[in-house]
Amino acid sequence: MRDQQNAKEVPRRQFVALSGALGAATVLTGAVATVGGTAVAASGTDAGPAPDSCPTTPPPGGSSSCPPASLQGICGRPTDNDPLWHDVQYCTSGIVPPPPQTKPDCLKVTPNYVVLHGKPETTHNYLLLPSCRVTGIECPFLVTSGPPNYWHEAWENARSGGDVPVQYPNIGLGINSQGARRFDQLHIHMAGVRASTQRRLQDLESQGRMATAPAQWANPANQAAVTGSAGDRVYRILRLPNLQDNLFNLLYTNVVRPSSLNMADQTMIVVPKMTAAGFAGAFYVLNSDTSIHDGTSTCDYLLVYS
């Protein structure tokens, strides 16, 4: 499902400048940062009126969970014609999608995200999407402290006992790079993964061939091949005890920025560690891009949708 490279791809220097200006401390204090001469209110709104700003109610604590209006050129505008964004607007605001698009099944709707069926529609193929307008992984707002923890919410929904459980022995959560995705509204795939993928990751863990701290993630020693639907692809692998941290920020801070890569080119897959007794209290976080020999920019090779 690889699309042509999106013309809106953000050069790395621009991403660095924007994400730096919208750093966590700035967001939390509500200070105004200057990005390319434009004042950006870190609370999530412009200093001036923003009639097209995200309608989502800010969470407790004062900072907005949506990108500021000044980032609409990168993170998307509410008037954009994207099918998944139309689905979100229908679920959150009742705005009927333009024909021939049909109304989606809104499986779960919260102030911060919605859950929809993926395609093909199965009991192990769902999508979690922000209620805000966020194009995808390239949006620099995602690496700040402002957005909700979409990865944690995806797991809480997809796990056994969750509101929209993925009915598959092993679960995978994934996001595609800008160039590999089909639609331009951020969506985390909630799907299955093969038993062989789970075994491979546990074998790599037992061999000490994965990072156990984010600072080690970019080390080539923590890269390994994992077999998927298109053969072996190489991933950077990190083991985490939970999903409490912002994975977008961990990826940007520990891999993308120090390696002079582009956030837009990254794919990320989260595989909860499972045993015969169930969830084993750890997560394998895989990242790849085409700068790695035999790397990939898509999560689709490891996820099982149909």
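Quick note: numbers below take in every heavy atom, side chains included, and nothing from hydrogens, waters or symmetry partners.
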Peer 1: Would you confirm whether S131, through its side chain, and T110, through its main-chain N or O, come within 3.5 Å as a donor-acceptor pair?
Peer 2: yes

Peer 1: So, Q202 side chain and M274 main chain: donor-acceptor pair closer than 3.5 Å or not?
Peer 2: yes

Peer 1: Judged by modelled atom types alone, do N222 and Q216 share a side-chain donor-acceptor pair under 3.5 Å?
Peer 2: no

Peer 1: Mind listing the closest non-hydrogen atom pair of T92 and V109 along with its distance?
Peer 2: CG2-CG1, 4.4 Å

Peer 1: Is a donor on one side and an acceptor on the other found under 3.5 Å between the side chain of R200 and the backbone of A225?
Peer 2: yes

Peer 1: Would you say the side chain of L251 lies within less than 4.5 Å of the side chain of V256, judging by non-hydrogen atoms?
Peer 2: yes

Peer 1: Under a 4.5 Å side-chain heavy-atom rule over Ile, Leu, Val, Met, Phe, Trp and Tyr, are L84 and Y90 clustered together?
Peer 2: no

Peer 1: For the atom pair OG (S65) and CG (N149), what is the distance rounded to the nearest 0.5 Å?
Peer 2: 12.5 Å

Peer 1: Rounded to the nearest 0.5 Å, how far does CG of N170 lie from CZ of R194?
Peer 2: 11.5 Å

Peer 1: Side-chain contact test, heavy atoms from C-beta onward, threshold under 4.5 Å: evaluate it for V114 versus C106 and give yes or no.
Peer 2: no

Peer 1: Can you confirm whether the side chains of N176 and T298 place a donor and an acceptor under 3.5 Å from each other?
Peer 2: yes

Peer 1: Is it the case that D80 and Q185 place a side-chain donor and acceptor less than 3.5 Å from each other?
Peer 2: no

Peer 1: Please identify each residue that fulfils salt bridge (Lys or Arg N to Asp or Glu O under 4.0 Å) with R239, with sequence neighbours left out.
Peer 2: E205

Peer 1: Any heavy-atom pair between the side chains of L286 and L201 that's under 4.5 Å?
Peer 2: yes

Peer 1: Nearest heavy-atom pair of R181 and G136: which atoms, and what distance?
Peer 2: NH1-CA, 3.5 Å

Peer 1: Could you check whether N157 and Y113, counting side-chain N and O atoms only, form a donor-acceptor pair closer than 3.5 Å?
Peer 2: yes

Peer 1: Got a second to check how far L238's CG is from M268's CE, nearest 0.5 Å?
Peer 2: 10.0 Å

Peer 1: With sequence neighbours left out, which residue pairs that include part of residues 198-223 fulfil the ring pair (Phe, Tyr, Trp, His ring centres under 6.0 Å) condition?
Peer 2: none

Peer 1: Can you name the salt bridge (Lys or Arg N to Asp or Glu O under 4.0 Å) partners of K103, sequence neighbours left out?
Peer 2: none

Peer 1: Any side-chain heavy atom of S288 within less than 4.5 Å of one from C299?
Peer 2: no

Peer 1: Apart from V234 itself, what residues make up its hydrophobic cluster, given side-chain heavy atom links below 4.5 Å?
Peer 2: I292

Peer 1: How far apart are the closest heavy atoms of A154 and I188, and which atoms are they?
Peer 2: CB-CG2, 4.1 Å

Peer 1: Considering only heavy atoms from C-beta outward, does the side chain of Q178 approach that of Q266 to under 4.5 Å?
Peer 2: no

Peer 1: Do D265 and T290 have side chains that get closer than 4.5 Å, going by heavy atoms?
Peer 2: no

Peer 1: Would you name the heavy atoms of L303 and L173 that are closest together and state the gap between them?
Peer 2: CD2-N, 4.3 Å

Peer 1: Taking only residues two or more places apart in sequence or in another chain, which ones pass salt bridge (Lys or Arg N to Asp or Glu O under 4.0 Å) with D289?
Peer 2: R236

Peer 1: Quick one: closest heavy-atom pair of T267 and S297, and the distance?
Peer 2: CB-O, 3.4 Å

Peer 1: Atom SG in C75, atom CD in E138: separation rounded to 0.5 Å?
Peer 2: 7.5 Å

Peer 1: Write down the atom of P258, the atom of T253, and the distance for their closest heavy-atom approach.
Peer 2: CD-O, 3.2 Å

Peer 1: Apply the test side-chain contact (heavy atoms from CB on, under 4.5 Å) to residues N112 and E153: give CA-CA distance (whole Å), side-chain angles for both, the deciding distance (0.1 Å), then the verdict.
Peer 2: CA-CA 10 Å; N112 290 324; E153 296 299 339; over 6 Å; no

Peer 1: State, yes or no, whether a side-chain contact exists between I237 and R209 at a heavy-atom distance under 4.5 Å.
Peer 2: no

Peer 1: Mark yes or no for whether N246, through its side chain, and T144, through its backbone, hold a donor-acceptor pair below 3.5 Å.
Peer 2: yes

Peer 1: Hey, is the main chain of A282 close enough, under 3.5 Å, to the side chain of N242 for a donor-acceptor pair?
Peer 2: no

Peer 1: Report the distance from atom CD1 of I137 to atom CD1 of I175, rounding to the nearest 0.5 Å.
Peer 2: 5.0 Å

Peer 1: Filter on ring pair (Phe, Tyr, Trp, His ring centres under 6.0 Å), then keep only pairs touching residues 219-251, sequence neighbours left out; what's left?
Peer 2: W151-F248

Peer 1: When you look at Y284 and M210, which way does the side-chain contact (heavy atoms from CB on, under 4.5 Å) test go after all the steps?
Peer 2: CA-CA 9 Å; Y284 304 115; M210 60 178 60; 3.6 Å; yes

Peer 1: side-chain contact (heavy atoms from CB on, under 4.5 Å) between V226 and L302: does it pass, once the steps are laid out?
Peer 2: CA-CA 8 Å; V226 181; L302 292 186; 3.9 Å; yes

Peer 1: Can you check whether L127 reaches H189 side chain to side chain, under 4.5 Å on heavy atoms?
Peer 2: yes

Peer 1: Between H124 and Y305, is the ring centre distance below 6.0 Å?
Peer 2: no

Peer 1: Checking side-chain contact (heavy atoms from CB on, under 4.5 Å) for the pair L142/Y252: CA distance, chi angles, key distance, verdict?
Peer 2: CA-CA 10 Å; L142 291 173; Y252 177 68; over 6 Å; no

Peer 1: Assess the side chains of N81 and H86: does a donor N or O sit below 3.5 Å from an acceptor N or O?
Peer 2: yes

Peer 1: When rounded to the nearest 0.5 angstrom, what is the spacing between CG in L243 and CZ in F283?
Peer 2: 4.0 Å

